[in-house]
Amino acid sequence: MNRLRKALFFLVLVCAPILSACGSNTSEFKNSLTFGTGLGPTYFDLIGESTTFSVGLMGSTGQIWFRLESEADMAGRAVRLYINDGTYAQEDYINPQSYGHILLSSFRITDVGTFTVKGYLVEQVGPDIGKETFVAQSSINMQP
């Protein structure tokens, strides 16, 4: 009986760390919103990453590229950006994938100033209703 107890104790001792690791919900992704001047060669990274851009150097397009990364699976939900809480702009992006954690696209800012950009995932819950889940926010400084 003593051997059985030792064997059982050893089995629990060995299996406990393995089982606790299986229940872990850690993700390799994090909630973040970053900006850049374009897309890299893989189309999953930004080039010219910054939070300060020049309206003059960007010409009349004012195109800012962004990368919204979500710790949770986006699950095909649309992405919505509010620029200055929607007083400057609200931009909606259809997510072309039914799974994934990253969306890259662009929007325009043609004015000088500091702009807060908030990123949300939007789940359609009715014909005209979307449930928003906040993901991340960051600020952009547009200089002359």
N95 side, atom CG; Q97 side, atom CD - distance, nearest 0.5 Å: 6.5 Å
Pair R80 + E91: basic N to acidic O under 4.0 Å: no
Test side chain to side chain donor-acceptor pair (under 3.5 Å) applied to E132 and Y82, step by step: CA-CA 12 Å; E132 294 180 342; Y82 288 109; 2.5 Å; yes
Residue pair T42, D45: steps toward the side chain to side chain donor-acceptor pair (under 3.5 Å) verdict: CA-CA 7 Å; T42 65; D45 56 339; 3.0 Å; yes
From CA spacing to verdict: side chain to side chain contact (heavy atoms under 4.5 Å, CB included), N141, T114: CA-CA 4 Å; N141 184 7; T114 300; 3.8 Å; yes
Hydrophobic cluster membership, L104 vs V135, 4.5 Å side-chain cutoff: no
I64 reachable from L39 in the ILVMFWY side-chain graph, under 4.5 Å edges: no
Linked, directly or transitively: F107 and F115 (ILVMFWY side chains, under 4.5 Å): yes
Intermediate values then yes/no, side chain to side chain contact (heavy atoms under 4.5 Å, CB included), H101 and E71: CA-CA 7 Å; H101 295 264; E71 184 177 316; 5.9 Å; no
Hydrophobic cluster identity match, M74 and W65, side-chain contacts under 4.5 Å: no
Between OG on residue S106 and CG on residue L46, distance to nearest 0.5 Å: 10.5 Å
Nearest-0.5 Å distance, CG of residue L81 to CG of residue D92: 8.5 Å
I47 atom CD1, neighbour heavy-atom count above 12 within 6.0 Å: yes
Residue list, salt bridge (charged side-chain N to carboxylate O under 4.0 Å, His left out) with D85, at least two apart or on another chain: K118
Test item: T116 and Q137 side chains (from C-beta on) under 4.5 Å apart, heavy atoms: yes
Inter-residue atom distance S32.OG - L68.CG, 0.5 Å rounding: 7.0 Å
R67 side chain near I102 side chain, heavy-atom distance below 4.5 Å: yes
Side chain to side chain contact (heavy atoms under 4.5 Å, CB included) evaluation trace for N31 with S70: CA-CA 5 Å; N31 292 333; S70 172; 4.0 Å; yes
In one Ile/Leu/Val/Met/Phe/Trp/Tyr side-chain cluster, 4.5 Å: I83, L103: yes
Straight-line distance of Y120 OH to R77 CZ, nearest 0.5 Å: 14.0 Å
Chi angles and distances behind the side chain to side chain contact (heavy atoms under 4.5 Å, CB included) call for S138, F35: CA-CA 9 Å; S138 190; F35 307 106; 3.5 Å; yes
Q63 CD to R108 CZ distance, which is reported to the nearest 0.5 Å: 8.5 Å
Test of ring centre spacing under 6.0 Å for F66 and Y93: yes
